[in-house]
Amino acid sequence: MPARAAINCTNRQFKGCGRTFHVYNMLNKAPKLKNTIKSKMKSNTTVRPATEAMIELLALLFMNNLAEEAKTKAFEEKSATIRGRHVKAVHKKVLKRARG
Amino acid sequence: MDSTEDLSARVLLKHILTTEPPRTPVTRSISRGNNSAFIRHTRSSKKNAGVQTPQDILRRSLRQNLRESISRTHLPPASKRRTASVVVRKASSPMLFDEGDTPRHILMNILRTEPVKSPVIHEEVAPLETQVPSADSSVVTHSNIALSGLDLPDLTFGNAASVAKRLSRKRPRRMVNVSTFEKRLREGEGENEEEDLAQEDLSLSLSNATSLSLKTPFGNVQTEKKGLRRRIAQRRKITEEGFGDAVNKMLLDYGASGFMQGDPDFSESAQAEAFTVNKLELTNDISHSNTSDAPVCNVSILGIQDQSTVAASQIQSAMAMGAQSQLDAGGGVVHMSGSQEEKNTAHCEAELETPKSEEEDDDGEEEEGAGVESQTEEDAAAPSEGEDGMEEGEGTPVDSQAEEDVAASSQEEDAATPSEEEDGVEEEEGALFDSQAEDAAVPSKEEDCMEEGEGTPVDSQAEEDVAASSQEEDAAKPSEEEDGMEEGEGALVDSQAEEDTAVSSQEDDAAMPSEEEDGVEEEEQALVDSQAEEGLAASSQEEDAATPLEEEDNMEEDEEAAVAARAEESASVTSEEEDATATRSQSEEEDTADDDDDNDGHQHDEQGSKYDMEHISLQAPRSEAALVMPVEEADITEPGWLRGSGVKNRTHREEASGIEAGPAFHHLEVSSDKRYGGHPIEAPPAEDAGPHEQEEWEEEDHEEEDAEIPMKTPAFVRERRTFQVAYQASPTVLKPQASSTSNGVPLPKPKRVRKPKSTTVKKGTGLPKNYLMGVFRHFAKAKVSADVYPVLNEIMDKFFERMADDLETFAAHAKRKTIEVEDVELLLRRQGHVNDKVPVEVLIEKYLRMDQRKLLIPIATSGNVVIPKMRR
């Protein structure tokens, strides 16, 4: 984990992925995640908080893959910025991979 | 006797053999000589007594030499040598003094050179060599040569020694090089051959190595260079292609984004234009040169080839070309870009774009735009219709210019007219039109995809659309639920019109059946129908249009179909008479205001989440406007006509997109018509009412006014009719009606459409935007533009859906009603994130916050308490 100047860092070490400096996005819960999942549920199922955490993990992993693929695709087109079309082009592949 | 015998050659030889020359040439020879002499005498006597072979003597001498050498090695050789040398010299001098060439001298030399045999070759050789030059080089040489037979070993040794020296470390290398060089330079060198040969054997490997080494690097370099070059070439190729695609995408993206936002659109469009500078140039050239069919064909061809790029470029070029109306140009750009973006998003949308481009472009532009549209349509239509480039070309000309294009397109359409009715062509055109008309109908992507590909363009332009829509309707049919109609976009139109309106078969003649059945008419009908559906409000207009439709029918059969479609629409729109009136007024207003078209276009764009439709519709209205203009003029007196025309235009577009934004489209169409023709545009507030009528009217008007126009109208009519038919199935009829009624202003329409949708959608799904984007940015570690959000949202939506499904399945399999951690774990494993090598905990620690981790990973706390509690 990168050493941080702020004293607060130590507190956040665990919360974030720890690999990068930009951890703060992890500090907050995924808002309405439970809602969104429940909205998708066909049958009536409950979700435990622990499970919700795991689902958040799933979502993060998926987004990680997606972002990585999109970044690669963007670089392919020699664009430093990731645009919607890059994401669109790769999303199908990533979705297929996350089928299970 | 012995003494005398000793003096004989034999004795001498024996002595020589027995006495080995000392290592130190001087000492040995001298001492040995003396000793040997004595010894020889003794030995010789002894030997003579007993015949001894010279070999034995040699052996003894060798042994003696060895001993002597061993003993002498300890002693400083220098002094001995000196003394020996002196002695030897003295001894030798007297020896030599006698006779240099006498056998004695030779023997002396032999004696001196003898010791070479000893194992210690170097020492002997060295002294020998030193002695030789010191003593008598000539004698020695002679002796050496002469006694080569006897002294072969010596000589050879000597040579060997020299050779050995030569073969020392450095030499072999040198020899190698030398040998190699010599090899190369051999021809004349025989001397070195032996050496070379000898050395070659030794250094063959070396030389080969060197030679090889010399060669190999060159080869490698060359190959490397080649490889690099190849790579570069390949890369270039890829990049070019990729860039083209990327540019198109960029343009589309820009266009799409541009539509969403008013101001940025221009900037984006500008940017998009910048990207497609090259294309623009091409298109500009084309446009410049294009006023006839040829250029349009070229454009279309180009479009076909590079749909995306060309379309984009054309659009842009069209934009540039469209100096006629800055607004139009601006809108066009926006549309163009938007259309472009839409393309990317949906192929269907692409179709729309083309019509949009059409709208924007003036006559000159229209041609290009037509080409572009056709291209875009193709892009969209291709998937849906799978039409060839032919259609595009046809479609584009049709869409592009209402009037002028009509002429041009008519020319092209001559080939294309059949296309209108042709499945392929029509579809494209229709797609164009539909797309145009459907700008507002974009929201109904479902239809769009269906219709756009098929007959969306139909709605776009009354006249042009008819032709195109008919084409598109073919594609739109399926969407419209009219299989038969597929031929004609008109099917779509018809269906739509029918849906919208009670299909008042004012002129059901052929229109009705054709609309829904025949493909040919369908096209027209589709156009008409689509319009009609869209312009429910134009019901009254339809009525009016019906009459003109009737007239038109007489004019052209196809038109009739369209008219019939219109009539149907109008009939259905009878209820919309009120709307029609309102629309008429609106249309009139719009006619006056060119901005309306722009606004409509923009509005449509805004409305249409489905960008393509909007774009197309925007384009369509313009093109339609041109078409409608003449119609309008004729029908100015009859508002219904105007409405109809406007409606027609809209229907074309709307059909494709679902005519939801019918009124808006109508407005657009009308306004667009106005622009082109300068005639009062039937800002068809009653969008749906007069789609059919409009077509018919337009056809009529065109015929009346311009020779060119009538050519187009039939196409439009057909398309419209087909559209109408297609529209019947579309549920969007209702919307256009509602919108049309109050559609005096295009703006409210988009708003209404949006609100109901947004409210319903927000609930349930949707992670907050900043959260999503934040996480994405974090993972991407690169700049992320904001336009990824909608895409990202969709993707996450899909993902959650699938995930929920999977989790539920797992839980159900375990006969549970709640999703447990193990379910998610299993899913992770199945997805491949967790292996035997990568346990779940690792991922947990990596990605989750502390509070979450606490929930999942048991942590031992004081008091032998483990949190969370371990289950089971």
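A note on names: the letters A, B, ... follow the listed sequences, proteins ahead of strands, and every chain is numbered from 1. Quick caveat, the model's predicted, so the values are computed rather than measured.
The two residues B:Val788 and A:Arg83 make their nearest non-hydrogen contact at CG1-C, 3.3 Å. Summarising the geometry of B:Arg802 relative to A:Lys96, their closest heavy-atom pair is NH1-N, 4.3 Å, with the distance given to 0.1 Å. Closest heavy-atom contact between B:Ala780 and A:Ile82: CB-CD1, 3.6 Å. A:Leu95 and B:Lys798 get closest at one heavy-atom pair: CD1-CD, 3.9 Å. In terms of heavy-atom proximity, A:Leu58 sits nearest to B:Val824 at CD1-CG1, 3.6 Å. Residues A:Lys71 and B:Ala782 share a closest heavy-atom pair of CD-CB, 3.9 Å.
Looking at residues two or more places apart in sequence or on another chain, you find no side-chain hydrogen bond (donor to acceptor under 3.5 Å, both in side chains) involving A:Thr81. With sequence neighbours left out, the side-chain hydrogen bond (donor to acceptor under 3.5 Å, both in side chains) criterion links B:Glu808 to A:Ser43.
In this structure, chain A has no heavy atom under 4.5 Å from any part of B:Asn770. Interface remark: A:Ala74 contributes no atoms to any contact with chain B (heavy atom separation under 4.5 Å). Both the backbone and the side chain of A:Ala50 come within contact range of chain B, judged by heavy atoms closer than 4.5 Å.
Residue with the most contacts toward chain A among B:Lys783, B:Met803, B:Met796: B:Lys783 (heavy-atom pairs, distance under 4.5 Å). In terms of non-hydrogen atom pairs under 4.5 Å with chain B, the most contact-rich of A:Val87, A:Leu57, A:Val94 is A:Leu57. For the set A:Ala70, A:Ala59, A:Pro49, A:Ala89, the entry with the most heavy-atom pairs within less than 4.5 Å of chain B is A:Ala59. Contact count against chain B (heavy-atom pairs under 4.5 Å) is highest for A:Ile55 among A:Asn65, A:Val47, A:Ile55. Of the listed residues (B:Arg777, B:His833, B:Glu825), the greatest number of heavy-atom pairs within a distance under 4.5 Å of chain A belongs to B:His833.
With a 4.5 Å cut-off on side-chain heavy atoms, A:Phe62 and B:Ile795 count as touching.
Atom-to-atom distance recorded for A:Asn64:CG and B:Lys781:NZ is 6.5 Å, nearest 0.5 angstrom. The line from CG of A:Leu60 to CZ of B:Phe776 is 13.0 Å long, rounded to the nearest 0.5 Å.
Checked against A:Met54 for a side-chain contact (heavy atoms from CB on, under 4.5 Å), the options B:Leu807, B:Asp823, B:Leu828 give a single hit: B:Leu828.
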